[in-house]
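Contents: one structure, followed by commentary.
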Amino acid sequence: MNLALPVLVPVLPALGAVATLASGKRAPGLTRPLAILPVAASAVLALVVALQLGTGQSLDAATRLAPTGGPELSLALHLDGFSSLISVLVGLVATCVQVYSTAYLKDDPRYPSYAALVSLFTAAMFLVVYSGDLVVLLVGWEVMGICSYFLIGHHWETADARSASLKAFLVTKLGDVPFLIGIFLLGADAGTFRIEGVLKAATEGQLSHPTLTALLLLAGVAGKSAQFPLHTWLPDAMAGPTPVSALIHAATMVAAGIYLVARLLPVFLTSGAALVVLSVMAAVTMVGSALCALAQDDLKRVLAYSTVGQLGYMAGALAAGDRQAAVFHLVSHGAFKALLFLAAGVIIHAAHTNSLSAMARMPELRKKVPDAYWTMGIALIALIGLPPFSGFFSKEAVLTAAEHAATGEALTNGLGPASAVPSAAGWIVLVAAGLTALLTAAYAARLWLLAFHSAPVALTAATDAPYSAEIDEADPAHAEPPAMRWPLWVLAIPTMGFGLFGLRSDWLPALLDGGSLRPALETAVIATGLAVAGALIGYGAWRSVTARAAAAAERVPEQAGPPAAETLAPALPKPLADPGRLLLGPLFGPALHGFHVDRLYSALFVRPTLAAAQLVRFLDREVVETYVRGTGTGANLLGWAVRRSQTGNAQTYLSVLLGAVVVLTVLVAVGS
Amino acid sequence: MTFLEMLLRCVAVLMVFLVFPLVIGQTEHKVMAHMQGRLGPMYAGGFHGWAQLVADGVKFVQKEDIVPADADRRVFQLAPAVALLPYLVVLLVIPVGPGGFVGQAVDAGIFFVLAVMGIGVLGSLMAGWASANKFSLLGGLRTAAQLMAYELPMLLAAASVAMAAGTLSLPGILEQFEWWWVPWQIVGAFVFFVAGLAELQRPPFDMPVADSEIIFGAYTEYTGIRFAFFLLSEYVGILVISALTTVLFLGGWHGPLPDQLGWLWTILKTFALALVVIWLRVTFPRLREDQLMRFAWTTLIPLALAQLALTGIVKVAITS
Amino acid sequence: MSLLAAAGPLEPAARSFLSPTGVEIVFLLVGVAVLGAALVTVTTRQLVHAALWLVVALGGLAVEFLLLTAEFIAWVQVLIYLGSVVVLVLFGLMLTKAPIGRSPDADSGNRWAALAVGLATAGTLVTLVVDAFRTSWIDLGAGAGSAKATGEYLFRHWVLPFEALSVLLLAALVGAIVLSRRDDEGKKPRPRPGKLRAGKPVGTSSGKES
Amino acid sequence: MHLAYPAVLAALLFAIGVYGVLARRNTVLVLMSVELMLNAVNLNLVAFDVWLRDALHGGQALTLFTITLAAAEIGLGLAIVLLVFRTRRTADIDRLTALGDPAEDGPAEDDETSDATSAEAVA
């Protein structure tokens, strides 16, 4: 197999990024082709590489990068079914996002730098996927972090975007530091940074502190893949442009963490404690994020919490020892989540607001965006996990893996003994996944119904709707351009059909570890039942609040008249029309604010850091500076004393000089 | 040389000092009177106004000796003596005839003469400053500047003669004298004589006492006998300069008659030069101050240097 | 030399401070006069008097040189110091508007420090000199200071320093001229000074016109 | 003659000159005192020259040079004094203290800067 093809896959978008950035100001016409073509070419190349590699094979190539005293750094390439699958996904999503962006950010003056960053982001993800060396992987990992910082802060005019980008950067870095130490530990124990060397060492039990190493790596994964407790950056990252959200959530950044754990799963299998921690992490993430999603008003934040939850599913599958299921869900989730975000972008574009309650008061929204309406429905069904859409199959795979782990026969597919996975991890994941399936269906139904099927409560609603931060997106007066519509349908195809790949054992499983991905009967029935129940609960709640809202809407004009209705409109209808408030009850407030994890962070990290900074500042200003000023004042005093003697009177100088000469003479005369 | 001889010599010099300037003064009166057609000096004493100078002296002595109220009294009173005394000392060393016919032979005589004459300027300065009068101060300053300026060409011209003779001693120079030195050193003689006139502040170089500008310069406030001292110092000055020019450039005692009458030649030549000085006074108008300085620096000094060069060349030519 | 001879015999008969020779007596007397004049010079409050007392001190020193048989140097002392330096000093005093009478501020504030330093210097130097040359005797013999001798050593052994000194004098001359020039002289065209021509006052009228 | 006489005379003259240089206020008087010191040196040179009977007569030659130098010095010195007098209307040497550092106040305190920093710290 020609090595140039896989090498070109990450190199092309990187070159495209450089070219876009270089030509952005001077040749604006070149920007769009330069943004789309390299990424598209990479996607095609990734597909070609995947096809050439075929199933059940892997390829490793390496060239020494830098000789060091210890473990060597090498530019290593590793291709197998996982990387093929994910690289195709990345290529597909990135291409769609780039195409979509050409229309979405048509009038943005900073479009060239944005496109370049997206290309670079894609290149970094390709690098992470293809890398066979942990240090090179880390390079891609960090480049993604920086790109996400810039992309989330694309609208840096708004304080939200600035703080969100900073938060994303800092939180992911908070995970990256232990991650780096974990990589060094791995390299030190295995004697190499090559992944297959590390895996070999792990299976042979050469790791000296497997639990510690795994936990350190988990910190990085939690940061990158937005797992509890480092998930808080992801909902805030919605301040970035919607295509970026799609890119981050579907294919690149958050996928990187899951992909890394999948690659290094043998390492994690050496530590049962780490797996339990991972499972707890996944469970908390799933349930918590689902509850939060139920309470959110911002469309994109709902989707963001749903991403966090689905990532929890993947982490749960990994905790159950089945990386097949995780990657399966990753790919199917990548497809439908990208679709969800792009559709959401279209909706936001049309409604010109992010707020669900504002959309609810908008008449005939579904008529304005029929493409988004339908594709979003498809994607939501996939999210809920109803057959026969892809989400059903991939979620079933996760549940099956969790069930097997709970019964002590984890589907490790030869990566380690089934007993390596504690059954507690399986149980935790299984219960949490079931609960989450219920909640997911509920918030998906709420989202869908609120956005498209609410009866218009007040005609004036559009005026008070909170505007989207994306002020400079495409003109809302016109219909969505084709570049924003057809990526939706392109992505809808895998959303609907990808799950079928898991049915035949010679298709997708052959590409992966070879285990079965067929849904088991009882879990399928239970999960589907839970999903349907959740959807029905959501529907019921919606009907109930809609009826109450209609009653209230009749009362309001009688009491206060139109002017009062206008002024009170933003405050009154919202709490009534939201089924989430009815369902969550007292939990609604905390869930709306992400269970105050941010406040916890603020208390745990921000305030101590600020206090420490204050202390350092105090020490610097009052203690150190006192000495500095003291030396200054001392020098001043000394200089003042010396200055007193410099009167400019030559005779005084001469008196001292001659007197000193006399004294010297006497001394010499007496001394000799 | 015994103490008695020395005393005799000093007394003789003092006599010369007291008599000759008066003779020159009387001569000036008479000569000027004749030249300018004045009648005044013809009457005093009857016979051709012989007692004019005596009358002047009596008049000066009679007058009150006034010291201005704001003046520095002691300096004011001391100034005429300081102006007068150096000439007396100089007279000591001027040879009159051959064979020790001189007050006191000094080894570096020419040098001594010039050095001591330089002190005379102090008298004018003291007088000008102590009078507490702006015109007097200006006159004193003018005197100082003029004397400093003209001392240099004078020294250079004298150096030329000393070089020719190979000695600094005045009798020594005269012993070396040949008749052709007169044309050889004629430029030096001119420079020396003119510079001497300027040293004396005689017309046309009497800017320090220019009455049309600063009344009477440093001597404005002086009256009576002290003023007479200044006048006397001027006449002694004429005598000294004439005698020095005679000794240095005109051969001194050398003449057609035998050496025993050399003193006569010296006196004759000296008086002839004194007549020239008087003649110049009635002939030339006063220069302006800047013309005076210009004349010294741009005419006399180059001339003196040229003379010096000529002397050197001829001297080397003769000896080699 | 005859003047010196009149002052007393020169033979070094008794080398004792108690039986001084005539030259020594004259030297001491003149020395006392010099010191007195110098003291008055540095203490008097009348500025011009200080300069005049300086004349006395320097003249006394010339006599001391004569007594030390340095005749030529004595005359040089008279010519340069008395004839030129003091005149220049007086000139300077008058140009800087020295007042007649006592100046209350002739001495600066640190005169007591100056007195201390001066006394210390005097004490140290006198002690040192007396200690070192108590028994040394000058044999005042042949006239080593005559013009002839001076010329011989000056132009035989010291020609190069002599010439160098002439260059230095030239530099000092130029420096003094540069320092003395008024700055505004070059700015406006001065009236052209008339030529020196006897009998005709040239330049006065033209000077007024321009 | 005893060498001590001219030597002591020169020493005393020099000390008087030192006193004059240090105590006099008028610059011209200071220059005069310098002349006194120079003459003390001259006297020493001559006396030691006569005492040593040096064939080169270094003492007397140096004396001549010193006198010449003194003439040059006084010329330049007076030119400088006149220039100073012309520009400053004074010849008092202790009023020519332009090279001195005027130190009327106490040592400068940087109060404002410290206040500013503390204000920043509070903010």
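Note on naming: letters A, B, ... go to the chains in the order of the sequence lines (proteins, then strands), and numbering restarts at 1 for each one. All values derive from a computational prediction rather than experimental measurement.
The candidate with the highest count of non-hydrogen atom pairs below 4.5 Å against chain C, out of D:N26, D:L13, D:V84, is D:L13. In terms of non-hydrogen atom pairs under 4.5 Å with chain C, the most contact-rich of D:T68, D:L69, D:V21, D:L3 is D:L3. Put simply, of D:G17, D:A61, D:A47, the one with the most heavy-atom pairs under 4.5 Å next to chain C is D:A61. Ranked by non-hydrogen atom pairs under 4.5 Å with chain C, the options D:G58, D:G77, D:A10 are led by D:G58. When each of D:L83, D:V18, D:L76 is checked for heavy-atom pairs under 4.5 Å with chain C, D:L76 comes out on top. Here D:L82 is the residue among D:L31, D:L82, D:T27, D:L62 with the most heavy-atom pairs under 4.5 Å with chain C.
Residues C:Y81 and D:N39 meet the side-chain proximity criterion, which asks for heavy atoms closer than 4.5 Å.
One N or O on the side chain of C:E24 and one on the backbone of D:H2 form a donor-acceptor pair closer than 3.5 Å.
Atom CE in D:M32 sits 6.5 Å away from atom CG in C:L93 (nearest 0.5 Å). Remark: C:L68 CG to D:L43 CG distance equals 6.5 Å, nearest 0.5 Å. Taken from OG1 in C:T121 to CG in D:L22, the straight-line distance is 8.0 Å, to the nearest 0.5 Å. Here CD of D:E73 is found 11.5 Å from CG of C:L168. Values are rounded to the nearest 0.5 Å. To the nearest 0.5 angstrom, D:I67 atom CD1 is 10.0 Å from C:L58 atom CG. Distance CG/C:L88 to CD1/D:I74: 7.0 Å, rounded to 0.5 Å.
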Residues D:L9, C:F27; criterion side chain to side chain contact (heavy atoms under 4.5 Å, CB included); working and verdict:
CA-CA 10 Å; D:L9 178 61; C:F27 190 94; 4.0 Å; yes

Pair C:T69, D:V50 - check side chain to side chain contact (heavy atoms under 4.5 Å, CB included), show working.
CA-CA 8 Å; C:T69 72; D:V50 176; 4.2 Å; yes

As a quick check of understanding, evaluate side-chain hydrogen bond (donor to acceptor under 3.5 Å, both in side chains) for D:N42 and C:Q77, giving each step before the final call.
CA-CA 10 Å; D:N42 284 350; C:Q77 170 94 357; 4.6 Å; no

Stepwise side chain to side chain contact (heavy atoms under 4.5 Å, CB included) test for C:V117 and D:Y19:
CA-CA 7 Å; C:V117 172; D:Y19 171 77; over 6 Å; no

Residues D:F48, C:F133; criterion ring pair (Phe, Tyr, Trp, His ring centres under 6.0 Å); working and verdict:
CA-CA 11 Å; D:F48 281 91; C:F133 305 110; 4.9 Å; yes

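Minimum interatomic distance between D:A72 and C:A172 (heavy atoms only, all atoms of both residues): CB-CB, 3.6 Å.
Contacts of C:T44 with chain D are made by both backbone and side-chain atoms, with heavy-atom separations under 4.5 Å. Only the side chain of C:V129 comes within less than 4.5 Å of a heavy atom of chain D; its backbone N, CA, C and O stay farther away. Only the side chain of D:L29 comes within contact range of chain C, with at least one heavy atom under 4.5 Å from a heavy atom of that chain. With a 4.5 Å cut-off on non-hydrogen atoms, D:T63 touches chain C through its side chain but not through its backbone.
Relative ring orientation between C:W158 and D:F65 is described as perpendicular, the plane-to-plane angle rising above 60° on a 0-90° scale split at 30° and 60°.
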